[in-house]
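Convention: sequence-line order gives letters A, B, ...; per-chain numbering from 1.
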Number of protein chains: 2
Amino acid sequence: MLAKTVPCTHITGLGRMTRVSTDHSGPQYGPQYSGSGDPKRSIELLWGIQERPKRGPKPRLTVERIARAGIEVADAEGLAALSMRQVADRVGVGTMSLYTYVPGKAELIDVMLDTVYGELVAADEVPGGWRAKLEHVARQNWALFHRHPWTLQVAASRPALGPNATTKYDYELRAVEGIGLTDLEMDAVVSLIVGHAEGAARRAVDAAEAERRTGLTDLQWWEAYSPLLDEVVDANQFATAARVGQAAGTAYGAAHDFEYGFEFGLQRVLDGIEGLVRGRGS
Amino acid sequence: MLAKTVPCTHITGLGRMTRVSTDHSGPQYGPQYSGSGDPKRSIELLWGIQERPKRGPKPRLTVERIARAGIEVADAEGLAALSMRQVADRVGVGTMSLYTYVPGKAELIDVMLDTVYGELVAADEVPGGWRAKLEHVARQNWALFHRHPWTLQVAASRPALGPNATTKYDYELRAVEGIGLTDLEMDAVVSLIVGHAEGAARRAVDAAEAERRTGLTDLQWWEAYSPLLDEVVDANQFATAARVGQAAGTAYGAAHDFEYGFEFGLQRVLDGIEGLVRGRGS
DNA sequence: TTCAACTCGGTACAGAGTACGGATTAATGC
DNA sequence: GCATTAATCCGTACTCTGTACCGAGTTGAA
């Protein structure tokens, strides 16, 4: 019953999937939300239930293939460029044909998300104690966010709990199993670690995206921007910001070194957790 | 020269602001980016340079008024609902008139951002040491993100460094001034604290937004969702996730208690920083 | 053979950002 | 006083979005 790999391998034939509750009827601008549609449909999609229907022509596509096309588009051009038309073009089909397989764009993104979670192979036992395991979790997430930056733009509350998302959560929790924390603390610790990776990756990815968009590196941008700022601002007013900003700029050769920020923060967070664990352990 | 309060009080008359480099010519779907346009124009906008032109009819609006209208819309209905048409309606003017004051939507959002930063009054000296000050910084940001959830959706790399953003950064850095950290570490520490507040707030705000959108609380949603999941998933496969998820659910009466997560993480992060500071101080 | 179920996809619609250009208004130069 | 010039204001139009709707083609079962 449980597909540990990529879901939706053989989900087709859901018929014309009409929405049950269209509470936001217009087109969906702005950020993409997760888990908007009918829960039952979403679960069937993610977990690959729903057998092939008997009648009708054989489907040319699968949900998985559509999701992979979507991931390719989003990886290459960002979530903003992910349109149903673009995905349809890529799989060589009319735009509206996608709606045979997927109720809408939101659900497609849900499937895309769970699919990329499938990349975290959960190299099951990382040697070492909880600290090494949590470090591994953090770096895994950091890397995933870099491989698929668009995941940062998907609001992940009420996540579509597909097989891979569930596997991921379970795996992350097991890093802090049996070290004296309560269940609530375990959840909070994992949340803290993943949250740090997410935040740090968000900064890095935003910067890379800005560079792609403008053709200027952070440093180049700053060199163009800061003299203009100097004409306007009295640096003495912001002595600390000016000093620290300059120090960071010259040290990194850019406005920020995001990897340093990630690693620095990670060690501080782990240190903080260590204090808690020691208190429980003894 | 330096406006410490809300900028743009008297910026008008920038003429028809034609874009210099329209490298993304179409309409701007998806997430909103900060700092996209001409740096010079942006700085003038944010810092309130540019005197009233002599010729021509008296302007009926100010950039500040437009920005405040935009903030009202975004606060009430989210960044997705923030359209130029809506803002224009609210200030009682034709849509295209806004483009007399602001080069485009991206720059409007920049001004909106710096305006809300102006709410952080920087109650200058918080009693206590660096830890109390950093706690204050974290809670200030946490509260700001809750008052203006849309700020979380604005990619903030290459921030439009307006007067209030600069004041905020400077203030936050001064919390860890003179305690033995290098400039780089100061920046990293502030970044870590603000990043944690941002990440925690993001989860809370996403959940609130999901509730508004669907009319279901997290708990109600979970009660509808989880039995469907049970039909499909073998709980033994995900023993840890199932146990912890259930514990968190029953303890909070919801899938997560975000305030707890924020405070828990904040203390861990501060503990981690404390270790670093102690190492330097002695 | 008939028919119901299914896939495929063309057309249409509302709503987004904003380029363009015309109408109106006000201050300056003669 | 009058023409000139620089602003403000804004209606129209264009492209791109997600997707509702419906007709056409395809297949397995009765």
Side-chain angles (χ1 to χ4, degrees), chain A residues 11-20 22 24-30 32-33 36-37 50-63 66 70 73 77 79-89 91-109, chain B residues 11-20 22 24-33 36-37 50-63 66 70 73 79-89 91-109:
Chain A
I11 320 168
T12 53
L14 303 180
R16 169 52 40 83
M17 299 168 121
T18 46
R19 269 180 194 289
V20 257
T22 315
H24 48 293
S25 56
Q28 189 86 341
Y29 298 105
Q32 308 297 339
Y33 296 107
S36 316
Q50 192 95 15
E51 69 285 7
R52 268 267 298 123
K54 298 288 163 252
R55 306 269 251 273
K58 295 214 190 312
R60 292 196 290 205
L61 298 176
T62 61
V63 174
I66 294 171
V73 172
E77 308 181 52
L79 199 64
L82 179 77
S83 69
M84 298 304 268
R85 283 166 175 85
Q86 171 115 226
V87 173
D89 281 356
V91 295
V93 93
T95 307
M96 292 312 293
S97 298
L98 298 183
Y99 289 86
T100 309
Y101 299 88
V102 160
K105 194 184 183 186
E107 288 80 3
L108 171 58
I109 293 177
Chain B
I11 320 164
T12 55
L14 301 180
R16 166 56 42 83
M17 299 166 121
T18 46
R19 271 179 194 289
V20 257
T22 316
H24 46 296
S25 55
Q28 188 87 344
Y29 299 103
Q32 309 296 338
Y33 296 107
S36 317
Q50 193 93 15
E51 68 286 3
R52 266 270 292 124
K54 298 286 165 255
R55 305 269 249 275
K58 297 215 190 312
R60 293 196 290 202
L61 298 176
T62 62
V63 174
I66 294 171
V73 173
L79 199 65
L82 179 79
S83 70
M84 299 303 267
R85 285 164 175 86
Q86 171 118 224
V87 173
D89 282 355
V91 294
V93 93
T95 307
M96 292 311 293
S97 298
L98 298 183
Y99 289 87
T100 309
Y101 299 89
V102 160
K105 194 186 183 184
E107 289 80 2
L108 171 58
I109 292 177

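Using a 4.0 Å heavy-atom cutoff across all strands shown, B:Ser97 reaches at least one base atom of the nucleic acid.
Among the nucleotides D:dT19, C:dT7, C:dG9, the one closest to the side chain of A:Arg60 is C:dG9. Here the nucleotide nearest the side chain of A:Met96, chosen from C:dA19, D:dT19, C:dT7, is D:dT19. The side chain of A:Val93 sits closest to C:dG9 out of C:dT18, D:dC9, C:dG9. Here the nucleotide nearest the side chain of A:Pro57, chosen from D:dT19, C:dG17, D:dT26, is D:dT26. Nearest nucleotide to the B:Thr100 side chain, out of D:dT19, C:dT7, D:dT8: D:dT8.
The base of C:dG17 lies close enough to the side chain of B:Arg85 for a donor and an acceptor atom to sit less than 3.5 Å apart.
Evaluation of the side-chain contact (heavy atoms from CB on, under 4.5 Å) rule for B:Arg60 yields B:Val93 as partners, not counting sequence neighbours.
Taking atom OH on B:Tyr99 and atom C1' on D:dC9, their separation rounds to 14 Å, with Å as the unit. Between the NZ atom of B:Lys105 and the P atom of C:dA19 there is a distance of 14 Å, rounded to whole Å. If you take CE of B:Met84 and C1' of D:dC14, they are 17 Å apart, rounded to a whole angstrom. Note: CG (A:Leu98) to P (D:dT19) measures 11 Å, nearest angstrom. Rounded to whole angstrom, the span from the CG atom of A:Leu61 across to the P atom of C:dC6 amounts to 17 Å. The interatomic distance linking A:Ile109 (CD1) with D:dG18 (C1') rounds to 11 Å, in whole Å. Atom CG of B:Asp89 and atom P of C:dG15 are 12 Å apart (whole Å).
Formation of a donor-acceptor pair under 3.5 Å by the B:Tyr101 side chain with backbone atoms of B:Ile66 is not found in this model.
Look at B:Tyr101 and you'll find a side-chain N or O under 4.0 angstrom from OP1 or OP2 of D:dC9.
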Contacts under 3.5 Å, N or O only, protein and nucleotides 27-30 of chain C:
residue	atom	partner	partner atom	Å
C:dA27	OP1	B:Lys58	NZ	2.7

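To the nearest 0.5 Å, atoms OG1 (A:Thr95) and CE (A:Met84) are separated by 8.5 Å. A distance of 5.5 Å separates CD1 in A:Ile109 from NZ in A:Lys105, rounded to the nearest 0.5 Å.
No side-chain heavy atom of A:Leu98 sits less than 4.5 Å from a side-chain heavy atom of A:Leu108.
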